[in-house]
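Heavy atoms only: backbone and side chains are in, while hydrogens, waters and symmetry mates are out. Predicted model only: the values in this text are computed from it and were never measured. Every chain is numbered from 1 and lettered A, B, ... according to where its sequence line falls, protein lines coming before strand lines.
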Amino acid sequence: MIAQVIVDVPVSRTNRPFDYRVPGWLSPLIHVGSRVVVPFGPRKLQGYVIGITEDDGPEEALHRLKDVEQVMDDTPPLTPELLKMSEWMSRQYLCPWVTAVQAMLPAVLKGKAQKWLTASDLLDEETCSRSGLLWELYRKRQLPLAEVEKQFPDEFMLVPGWIHSGLLSTEYQVRDRITKKQQSFVRSLLTPQQLSESLASLSARAEQMRRVLEVFLQHPEQSFSVQTMRDEFGINRSALKGLEAKGWIAIEQVEIYRDPYANRRFQEKQKPDFTPLQLQALEPIITSIKESSYASYLLHGVTGSGKTEVYLEAIEHTLMKGREAIFLVPEISLTPQMVERFKARFGADVAVLHSALSQGERYDEWRKIIRKEVKVVVGARSAIFAPFENVGLIVIDEEHESSYKQEETPRYHAREVALWRAKENNAVLLMGSATPALETYALATRGRYKLLKMPDRVGNRPMPQVHVVDMREELHSENRSMFSRLLHEMIADRLKKQEQMVIFLNRRGFSTFVMCRSCGYTMRCVHCDISLTYHKSNHTARCHYCGYTIPQPSHCPECQSEHIRFFGTGTQKVEAELAKLFPGIRVIRMDVDTTSRKGSHEELLSKFRQGQGDVLLGTQMIAKGLDFPRVTLAGIIAADTSLHLPDFRAAEKTFQLLTQVGGRAGRHELEGDVVIQTYTPEHYSIQHATRHDYPAFYEDEMLQRRRTGYPPYFRLVLITFSHEEVPVVVRGAHVMGDFLRQKVAQTTILLGPVASPIARVKDRFRFQIMLKYRDEPNVAELLAQATAVFEEWNKQQKVLMTIDVDPYVLL
DNA sequence: GCAATCTCTCAA
DNA sequence: TGAGAGATTGCG
């Protein structure tokens, strides 16, 4: 038996399967998709089995192979589908296969190969008394080499000599970080009859023991955790120990799941009556689900139109069909509210995956999926890799969100992966948004996705009234405050009526940079080509690319002026202003500072829900998916900060943001207002957002994209190079650029190589090539060839190159 | 990606 | 000639 294995060395040189012999004793354990430990060169590494051949071929060829050393799991973590998907990803996104595989698995499964120092039998008490390190090794037998270097720097240089003399040896070990949470459970070993008899035989003073037996009499065949015994029945540990000693009960360690929602009850909500629009949207979806054939839908529904109910219903039909469902939400809107809705509807059938989970919790949720204990997965981007084997429905909520694009290798887009997976499984793909990505909407208008529309809110509630305030006029009227007179007035009004409001600060593009007012000097990072960001909490200026931090200076380093300060509006500043203008106003501020602690996000929102605040103030994180009945005003402090970014999606993102924030107001009985403050009220993305007119925005924006040659008209590939020296990085970029220029189609535009907009990061200079194409039969193959050419050249250099297919961030 | 191995340089 | 550094190669 021979196993084909890809090893955990994510470089192109080793990006291919290696053959290993499977020793007889491992053959029942090993499967395609298994994690294994294999010897690789002088080391040992973790790898994944991508194929197994029973036929060994000629004897002498077999002889040259090494053995698989270990199979790491009983059941392989990779299903055949995931394996196929990872191969597709590695081709599609130009990344090593093993990198794609690892993106699909929980982080604790990534094995770490370490070199260990082991004591041999020659090391006796006599020898080791001479040195601290040897003594330590004599006691513990082995230590990781890295640890040794840290703890015994003085003796580290003696290690090679000791190895040579046979006192010590080195050895590679691969370990993953799987841990399983255990809890003590108590179980009765007696029959009910024996229980009664034993109860009678107990001394009158054994009150606690008596109670334990009574509990078991009342609940035969049940076991209880030690914790429950204590908390619910008031029985302490010693009583249990006593009974265990008598042999009447057993205390056992049982593996349990780390469930972040363990102590929460979820109320089952009555299914609402569907509106005609919802029914109309549901009909074709349900038909497709029943047919179990591939179909894709774009559900374009305004905020408050009840998209979530449609999703839930579709999931229910999928489960009725005996298939599984994946529900993707943007990281940011994976709120407790959302989880609650799912838990209430599908109970224990749901696994939840998001970034706030600890690695262990994440692993436990994942195990529920692979063990087929759940039927539905709710999660952020990476939940698209849920190891189901019969996926019938994939829902992508807020389909336009940029968090679906991963910004590290593998640079995949969850929407694309979902599309592949839906086709592979004859499943239904359902994408929903109030403001679809242009790419998606364009495909929908061309029939690639079926377009479903829900243009009205549930219960015929009106869309909120949107007021646009021209901040230039405010300035002319001597209003220098960050609040316009209208917004000011409306805040006062809501305070009087005791209604709630959401105030949104558009921070995209706002850098809180540090500048000298007298000479114009701005503080920049010494390693990167960007300004430092001011951090109020510890009065430092910090580079958010490399982490370089210096204390905020009191004088300008250039001209010694004292007028050096930070610029930009922060949430703290808005909060202070609100407190000044409206004494007694209760503001709940949500930003990185107040939500960094685990669970604090949830805490603040529930405070607001309970009415412990008048204003919810925050950045992007409050724009999405929140639903509070008493919110009747949404204020946007500066709508256009994101409009003038050097990003071809700037207008689209602004439109989306305004629409989403506006959607927070007046979702229930009370009607809502939205105030948009801007310096460019005439801009089409602001104008169309005001009228809730997505199609009009789409038309205008498509014209821009056609004119400038951006998606959806052209598709992009961004190739970035970096190196410490400019001439080297330029040469590298040209090697690849020249090759591509020869090979691309006539209609393809190749820009560069040019310096990247952020030309230096961490002391490395960056250059880039942009590929814009419309009709390129096989981009992936072309890029793979170019990569090979580049890597041949790069053998002598150390230029780093990354390829971003359909990039979101162009910096 | 890492470590063994090969190749080249330089000083004794 | 041998050590040491730097580049190259192979990993099944």
Side-chain angles (χ1 to χ4, degrees), chain A residues 1-24 26-27 30 32-72 87 90 94-103 107 110-118 144-149 156-157 159-161 163-164 168-176 408-410 722-725 728 731-732 735 764 787-802:
Chain A
M1 203 189 230
I2 293 171
Q4 285 85 252
V5 176
I6 51 168
V7 292
D8 183 14
V9 182
V11 291
S12 60
R13 309 259 334 266
T14 49
N15 186 24
R16 62 197 167 92
F18 290 87
D19 286 348
Y20 287 88
R21 249 180 334 209
V22 179
L26 280 179
S27 61
I30 203 164
V32 172
S34 289
R35 278 192 309 154
V36 289
V37 177
V38 290
F40 193 72
R43 305 179 286 164
K44 278 179 207 167
L45 292 174
Q46 179 175 302
Y48 299 87
V49 179
I50 58 145
I52 291 175
T53 29
E54 295 293 336
D55 178 24
D56 289 353
E59 186 67 25
E60 70 275 12
L62 186 67
H63 226 75
R64 279 186 275 125
L65 301 183
K66 290 186 184 173
D67 279 4
V68 172
E69 197 134 302
Q70 211 189 108
V71 177
M72 295 177 84
E87 191 191 9
S90 80
L94 288 302
C95 71
W97 192 350
V98 70
T99 313
V101 165
Q102 268 155 359
K110 188 180 153 94
K112 218 168 86 188
Q114 254 192 335
K115 208 171 179 177
W116 290 67
L117 211 51
T118 311
L145 200 65
E147 196 88 342
V148 171
E149 190 172 7
F156 189 66
M157 48 198 287
V159 169
I163 292 171
H164 190 75
L168 306 177
S169 60
T170 54
E171 167 186 16
Y172 264 95
Q173 282 187 16
V174 180
R175 292 190 181 171
D176 58 30
E408 309 104 65
T409 355
S722 78
H723 192 268
E724 288 93 348
E725 289 163 48
V728 182
R731 250 181 289 143
V735 167
R764 298 179 69 92
T787 305
V789 171
F790 168 79
E791 254 154 24
E792 184 56 35
W793 172 86
N794 199 34
K795 268 184 176 168
Q796 295 95 13
Q797 320 293 328
K798 280 184 194 137
V799 175
L800 292 180
M801 189 266 298
T802 56

Inset, instruction - Can you sort out the partners of A/R43 under side-chain hydrogen bond (donor to acceptor under 3.5 Å, both in side chains), two or more places apart, ordered by chain and number? - result: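 None.
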Legend entry - Partner residues of A/E791 under the side-chain hydrogen bond (donor to acceptor under 3.5 Å, both in side chains) criterion, sequence neighbours left out: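 Checked A/E791 against side-chain hydrogen bond (donor to acceptor under 3.5 Å, both in side chains); matches are A/S12.
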Inset, instruction - Go through DNA chain C in 5' to 3' direction and return only the first and the last nucleotide with some atom under 4.0 Å of chain A's heavy atoms. - result: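 The footprint of chain A covers C/dT8 to C/dG12.
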Legend entry - Passing candidate, side chain to side chain donor-acceptor pair (under 3.5 Å) with A/D176, options A/Q46, A/R35, A/K110: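 By the side chain to side chain donor-acceptor pair (under 3.5 Å) criterion, A/D176 pairs with just one of A/Q46, A/R35, A/K110: A/R35.
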If you measure from [atom1] on [X] to [atom2] on [Y], what distance do you get to the nearest 0.5 Å?
{"X": "A/K795", "Y": "A/R13", "atom1": "NZ", "atom2": "CZ", "result": "6.0 Å"}
{"X": "A/L94", "Y": "A/T802", "atom1": "CG", "atom2": "OG1", "result": "10.5 Å"}
{"X": "A/L45", "Y": "A/K112", "atom1": "CG", "atom2": "NZ", "result": "14.0 Å"}

Inset, instruction - Would you mind classifying the nucleic acid contact of A/F40 as base, sugar-phosphate or nothing, using non-hydrogen atoms under 4.0 angstrom? - result: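 Base, at least one base heavy atom under 4.0 Å.
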Legend entry - Touch class at under 4.0 angstrom, heavy-atom based, for A/R13 against every strand present: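 A/R13: base contact, heavy atoms under 4.0 Å.
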Inset, instruction - Give me the first and last nucleotide of DNA chain B, going 5' to 3', that has any atom under 4.0 Å from a heavy atom of chain A. - result: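 The contacted stretch runs from B/dG1 to B/dA3.
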Legend entry - With A/R16 via side chain to side chain contact (heavy atoms under 4.5 Å, CB included) - residues at least two apart: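 Here the qualifying residues are A/F18.
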Legend entry - Under the side chain to side chain contact (heavy atoms under 4.5 Å, CB included) test, residues paired with A/K115 that sit two or more places apart: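 A/K115 satisfies side chain to side chain contact (heavy atoms under 4.5 Å, CB included) with A/L145, A/T170, A/Y172 once adjacent residues are dropped.
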